[in-house]
Every structure is written in C-alpha cells, then in structure tokens.
Amino acid sequence: MNPLFALLRHKETVDCTVEINNTFDQLGAHLRFDNGEIVHPGDEVFVHGAPVSVPYGESQSFQRQATIHRASGLERAWTRATGDFEFMELCEFSFTERALS
C-alpha cells in the first residue's frame with residue numbers, strides 16, 4: 001500500500017461469515033458481511049481469527065470479524081484505471097486435463 005494512500009484511508013470493523021467448501025463438486029471460500037457492507041475497488045479486507053482447515057468432503061461456516069480498509073477516491077480511481085492491465089496477466093494461463101506432449 002502506498003503511504004500517501006494510507007493517510008487518506010479509513011477503516012471499519014464488521015461482523016462477517018466465512019463459508020468454506022472442500023468437496024468434490026466445490027472448492028472455495030466466500031466472505032459475506034453480516035450487515036450487507038460492500039467492498040469497492042481498492043478496498044482491502046482483513047479477516048480476524050485463527051486460520052481454519054476444512055477436511056475434504058465438508059463445508060463449514062465460521063463467524064468472524066473483519067476490518068475493511070476503505071480506499072480513498074484517488075486510490076479507487078487508480079485501481080479502476082489500472083485494474084484491466086492486471087487482469088490481463090491472468091489471461092496468460094490456462095488449465096487442461098490432457099497431458100501436453
């Protein structure tokens with residue numbers, strides 16, 4: 001984080017639910033803010049609490065608190081302006097089930 005941007009930020013602490021799926025059909029983690037808060041481009045979220053491990057074949061939910069560091073207007077504009085370039089880096093990779101020769 002740029003130190004200049006850090007001076008322009010403010011933070012909020014909110015309750016949240018972390019949903020983790022570790023099954024054959026689904027593998028992922030989702031965070032939902034209990035008060036309906038929305039994260040915008042440039043915002044950062046830190047979830048408090050001990051790390052969790054969900055055994056294979058299970059899905060679990062955990063109640064936690066999260067701190068949202070809100071981006072300033074300048075940082076939000078910069079993130080929107082440069083975000084497409086960073087997304088294009090992801091497009092350089094692909095996954096396949098067949099072996100490459």
Side-chain angles (χ1 to χ4, degrees):
M1 171 182 5
N2 186 320
L4 173 64
F5 289 147
L7 295 174
L8 303 173
R9 289 178 161 228
H10 70 278
K11 64 182 181 177
E12 305 170 28
T13 301
V14 296
D15 293 327
C16 64
T17 302
V18 179
E19 299 168 348
I20 300 177
N21 300 309
N22 188 9
T23 65
F24 178 78
D25 296 325
Q26 293 183 341
L27 176 63
H30 300 278
L31 177 71
R32 185 182 68 244
F33 298 114
D34 295 344
N35 65 355
E37 203 65 50
I38 296 174
V39 177
H40 300 284
D43 291 348
E44 294 179 349
V45 178
F46 178 79
V47 179
H48 304 277
V52 296
S53 178
V54 176
Y56 180 75
E58 294 186 22
S59 296
Q60 296 180 9
S61 294
F62 303 90
Q63 296 300 123
R64 295 283 195 260
Q65 279 199 327
T67 300
I68 305 170
H69 294 269
R70 295 290 183 186
S72 66
L74 179 61
E75 187 175 16
R76 186 162 291 138
W78 176 255
T79 301
R80 287 185 180 170
T82 61
D84 290 339
F85 300 120
E86 292 177 15
F87 173 75
M88 293 307 293
E89 291 178 17
L90 297 174
C91 296
E92 296 177 10
F93 300 97
S94 65
F95 299 93
T96 181
E97 292 182 10
R98 61 183 169 84
L100 299 175
S101 52

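As the structure is a computational prediction, the values presented were derived from the model and not from experiment. Any value given below was found using the heavy atoms of this structure, including those in side chains, with hydrogens, waters and symmetry copies removed.
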Q | Distance-minimising heavy-atom pair for Arg80 and Pro41 | A |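 Taking Arg80 first and Pro41 second, the nearest heavy atoms are NE-CG, 3.5 Å.
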
Q.
How close do Thr23 and Ser59 get, counting heavy atoms only, and between which atoms?
A.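 Looking at all heavy atoms of both residues, the shortest contact is CG2-OG, 3.9 Å.
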
May I ask you to test the [X]-[Y] pair for a side-chain heavy-atom distance under 4.5 Å?
X	Y	result
Thr67	Glu44	no
His30	Asn21	yes
Val47	Leu31	yes

Q) In chain order, what residues pass the side-chain contact (heavy atoms from CB on, under 4.5 Å) check against Pro55, with sequence neighbours excluded? A)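 Pro55 satisfies side-chain contact (heavy atoms from CB on, under 4.5 Å) with Glu58, Gln60 only.
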
**Q.** Residues forming a side-chain contact (heavy atoms from CB on, under 4.5 Å) with Tyr56, sequence neighbours excluded
**A.**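 In terms of side-chain contact (heavy atoms from CB on, under 4.5 Å), with neighbours along the sequence ignored, Tyr56 is linked to Asn22, Phe24.
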
Q | Single-linkage hydrophobic cluster Val14~Phe46, side-chain heavy atoms < 4.5 angstrom | A |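 The answer is no; the residues belong to distinct hydrophobic clusters.
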
Side chains of residues 32-39: which donor-acceptor pairs under 3.5 Å do they make with residues two or more places apart or in other chains?
unit_1, atom_1, unit_2, atom_2, d
Arg32, NH1, Glu19, OE2, 2.5
Asp34, OD1, Thr17, OG1, 2.8
Asp34, OD2, Gln63, NE2, 3.3
Asn35, OD1, Glu37, N, 3.1
Glu37, OE2, Arg70, NH2, 2.8

Q: Enter the distance from His48:NE2 to Cys16:SG here, rounded to the nearest 0.5 Å.
A: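 His48 atom NE2 to Cys16 atom SG measures 8.5 Å (nearest 0.5 Å).
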
Q) For the atom pair CD1 (Ile68) and NZ (Lys11), what is the distance rounded to the nearest 0.5 Å? A)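 Reported to 0.5 Å precision, the distance equals 12.5 Å.
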
Q: Applying side-chain contact (heavy atoms from CB on, under 4.5 Å), run through Arg64 and Val52 and close with a yes or a no.
A: CA-CA 11 Å; Arg64 295 283 195 260; Val52 296; 3.1 Å; yes

